[in-house]
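Just below is one structure, and these are the notes that go with it.
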Amino acid sequence: MVLINLWKESGKFKLGMVITLFLLVAAALNQVLLRWAVGPDVDPMTAGSFGIFLDPQRDHLLGTDRFGRDVFSLVVIALPVSLTVAFLAGAMSTAIGVVMGFFSGFVGGLTDSILRTFTDMFIVIPTLPLIIILAANTRNLGSVKLALFLAAFSWPAAARVIRSQVLSLRERPYIELSRMTNLSNREIIVGDILPNMAPYVAIGFAQASVGSAFALVGLTVLGIGPSGQMDLGRIISEALGYGVISLGKEWIFIAPVALLILLFLGLALISQGMEEFFNPRLRTQT
Amino acid sequence: MSTQLPATTLETIATDASDQPGDRRFLRNNPMVGYYSRRLGLYLITLWGSLTATFFFFRFLPGDPISGIIAQLQTRGQYSNLEQSDAMIEHYRREFGLDGSMWEQYQRYFERIVLHFDFGPSVLSYPTPATDLIVRAIPWTLGLIGVATLLGWFIGVIAGTLVAWKRDTRIAEWITNVCLVLSHIPAYFVALVLIIFLAYRFNLLPANGAYNTTLQPSWSLDFIFSVIKYGTLPVLATVIGAVANWLIGTRALVVSILGEDFLTYANAKGLSPRRILMSYVLRNAWLPQIAALGLALGSVVSGNVLIERLFRYPGVGNLLVDSVVIKDVNTAMAVVAMLIFLVLTINLIIDLCLPLFDPRVKTSKS
C-alpha cells in the first residue's frame, strides 16, 4: 500500500527502482545471457577462446580483450558477483547500523554520547585505506568476507539515519501514552517503534549499499576483489593493467563503468525518493 | 518518568545563587573558553582513540608480519642469507618494533610517534625510515587535496546558491539534474574519462606523475609550471564531483532559506535583490557549508588514494598501495596514522575558526 503510493508519487524512487531492477534481472539471467553470447561450451574466463582485441561486432558485442576472452560474457559473469557483494555488505552494515542507532537513540544519555562520538569518528576518518589493508592481507577473500569488511566500515551512515528517527519517535505522544499505561520497554519497542522504523531501515539499507559499492569499486580497481572470481572492478583494473587506454581500446571497460554508475545512481535515487516521501519537510525544499 | 528540571530553571537557580564556584562564573562570562576547551578535549580523545585503533588494527591482521618483512627484504636483496635463523628473526623483530608483548609494543608505538614522529624502518626502501617516505609524499597529497577541495567547495557553494536563486529557470533545472547524476559518479571514473580524452585522444595534458622528470625539483618557474600542468588532470577529476556535490547540497540549503521571513522583510524594506542575495542568502548558506567541509574530507582523502594510484602521483595514497602490496607494515601504518591525524586536525581547525565567521556558535550552548 505504502509502496504503491511511493511508486506513484516519487519519480526519483520509480527511476531508481527501474534501474536497480534492470541490474538485478540482468544478473539473475546471467546463465541465459552467457549461453546466448558465447554458447554453452565456452568458459568465459578461459584465455584464447577467440582472437585478441577484436573490435565490437555481432558475435562479440563488446569485443574481446588481450587474452581473447569475450568481454560481454565477462561482464555477464561479473555483474552478479559485484551486486552480491554490494547488497550483502549493505545488508550487514544496515544490521550493525540498526543495532547501534537504535541502542544509541533509545537508551540516550552517556551511552548515546559515547556511541555518537564513535560513529562520528568513523564518518570523519578516511576508511578506504583501512579496507584496502584489511582485504589485501586476507587470504582466500570470499564474497562474504569481503562484504563483512566493507560493512565494518560503512555502517555509520545507517546508524545515523536510525538514531535520529528513534530520537524523534521516542518523543511522540502515542509513546508517552504507552508509557503511562505501563507497557514495558519491550512492548513499546516491538509494538510502537519498530513498525514505524521500517522505511528508515530501507533508506539506511540503500545508503549503506551505495557506500559499500563505492568502497568495493575502490578495492577492485586496485585489483583486490573476491579471489578467483571476476567482478566489474577487476575487468577495469585488468584492462588498465595492460594499457588499453594507450592502445585506444577503451571499450573494454566502458560496460563495467556504465553498469557501476547505474548501480550508484539507482540506489541513490531510491534512497532520496524514499527520504523525500517519508520526510515531507525535505520535499518542499527541492 | 522525567525527574530532571528544565535547563532554564536550573540556570535561573544557578544565577541567583551568589555563592556559585568561581570557575563556573568564569565560564559563563567567557563562553568561548568552554567551547574551545571542549573541542580540543574531544580532538585529543578522538586522536588517541583512532591512533590506538590503528595500532591494534595492524597487529591483529592475519599472519605474523615479520615473516613477510624478511621475505620481502630477501627478494629486494637487502639481506641475502636465505636461512632465517632465530637470531636474525629476533634482530629484525626488534628493528621493526615487533618484539615484546602487545602492551609493550603499544607503549613503544605511542612513545615513538608522539615524541619522535618515528614509525620505524620501511620495507619499501629499507633501511630508510617510514617517516622519511611520508614526509616526501605528503606535500604532493596536501597540494592535490587542498586545491581540489577548496576549488570544488568555492565553485559548488556559489553555483549552488545561484541555481537555487534562479530555480525556476530552465538552465538552473538542467544544471541541477546534471549535477545530481555527476555527484554519484566516483572521481575515479571521471578521471578515466579525462585521461582518455584530454591525455590520449587530444594529447593536451600529461596523465602520469607529478612533474616532468627531466626537470630537477626546485622553485624555478619551469618546474612550477610543470607541476601545475601535471596536476591539472588529477585535480580536475576530484573537482568535478566535488562541485556537483556542493552544488546539490547548497541548493537544498538555500531553497529552504528562501522561504524564511527575514527575506520577505528584507524585500519589503526595498533592498535590492543583489544585496539580499549577497548579504542575506549567501551568508546563511556558506556558513553551514564550512562545517560540512570537514565532514566531507574523509571521503575526499579516500577517493584521492585511487586518483593518485591512477595518475602515478607520488603522494601518500600511492605510497599506501605500494606498501600494502609488499606488506610493509610500518609504512602503511604511518600513512594511515598520518591521514587520520590530518583529517582530524583540519576538522579541529575548521571548528576552532567557525566562531570567527559565525556569531551563532558563540551563543549556542551545545
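Chain A is the first sequence line, chain B the second, and so forth, proteins listed ahead of strands; every chain is numbered from 1. Everything numeric here is computed off the predicted structure, so don't read it as measured data.
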Here the gap from A:N137 atom CG to B:F57 atom CZ, rounded to the nearest 0.5 Å, amounts to 8.0 Å

Starting at CZ of B:F60, measure out to CG of A:L134 and round the result to the nearest 0.5 Å.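 Going from the CZ atom of B:F60 to the CG atom of A:L134 covers 13.5 Å.
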
Count the heavy-atom pairs under 4.5 Å between each of [options] and chain B, then report the option with the highest count.
| options | result |
| --- | --- |
| A:V244, A:I125, A:I245 | A:I245 |
| A:I132, A:L265, A:D120, A:I133 | A:I133 |
| A:I123, A:L269, A:T138, A:L222 | A:L222 |
| A:E250, A:Q272, A:M121 | A:E250 |

Using a cut-off of 6.0 Å, state whether more than 12 heavy atoms not belonging to [X] lie near its atom [atom1].
| X | atom1 | value |
| --- | --- | --- |
| B:W174 | CH2 | no |
| B:N177 | CG | yes |
| B:F197 | CZ | no |
| B:E173 | CD | no |
| A:Y174 | OH | yes |

Please evaluate residues B:V181 and A:F264 with respect to the criterion side chain to side chain contact (heavy atoms under 4.5 Å, CB included), reporting the C-alpha separation (whole Å), side-chain torsions for both, the decisive distance (0.1 Å), and the verdict. CA-CA 9 Å; B:V181 174; A:F264 296 138; over 6 Å; no

Who pairs with B:F55 by ring pair (Phe, Tyr, Trp, His ring centres under 6.0 Å), at least two apart in sequence or on another chain? B:Y106, B:Y109

Got a sec, which residues hit ring pair (Phe, Tyr, Trp, His ring centres under 6.0 Å) with A:F118, two or more places apart in sequence or on another chain? A:F122

For A:I236 and B:L192, what are the C-alpha separation, side-chain angles and deciding distance, and is it a side chain to side chain contact (heavy atoms under 4.5 Å, CB included)? CA-CA 10 Å; A:I236 302 170; B:L192 283 179; 4.1 Å; yes

Contacting region of [X] [heavy-atom separation from chain A under 4.5 Å]:
| X | answer |
| --- | --- |
| B:L258 | neither |
| B:L342 | neither |
| B:S299 | neither |
| B:L320 | side chain |

Only pairs of heavy atoms separated by less than 4.5 Å count here; which of B:V343, B:N304, B:I196 has the most with chain A?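 Looking at each of B:V343, B:N304, B:I196 in turn, B:I196 comes out on top.
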
Partner chain A: residue of B:L61, B:V301, B:I45, B:I340 with the largest heavy-atom pair count (under 4.5 Å):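 Of the options given, most contacts go to B:L61.
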
So do [Y] and [X] actually touch side chain to side chain, heavy atoms under 4.5 Å?
| X | Y | answer |
| --- | --- | --- |
| B:L180 | A:K12 | yes |
| A:P129 | B:L339 | yes |
| B:L306 | A:L128 | yes |
| A:L240 | B:L310 | yes |

Working for side chain to side chain contact (heavy atoms under 4.5 Å, CB included), residues B:H184 and A:I261: CA-CA 7 Å; B:H184 295 301; A:I261 290 177; over 6 Å; no

Could you go through A:V124 and B:L297, starting from their C-alpha distance and side-chain angles, then the distance that decides it, and tell me whether this counts as side chain to side chain contact (heavy atoms under 4.5 Å, CB included)? CA-CA 7 Å; A:V124 168; B:L297 207 59; over 6 Å; no

Name the region of A:I131, side chain, backbone, both or neither, that has any atom closer than 4.5 Å to a heavy atom of chain B. neither

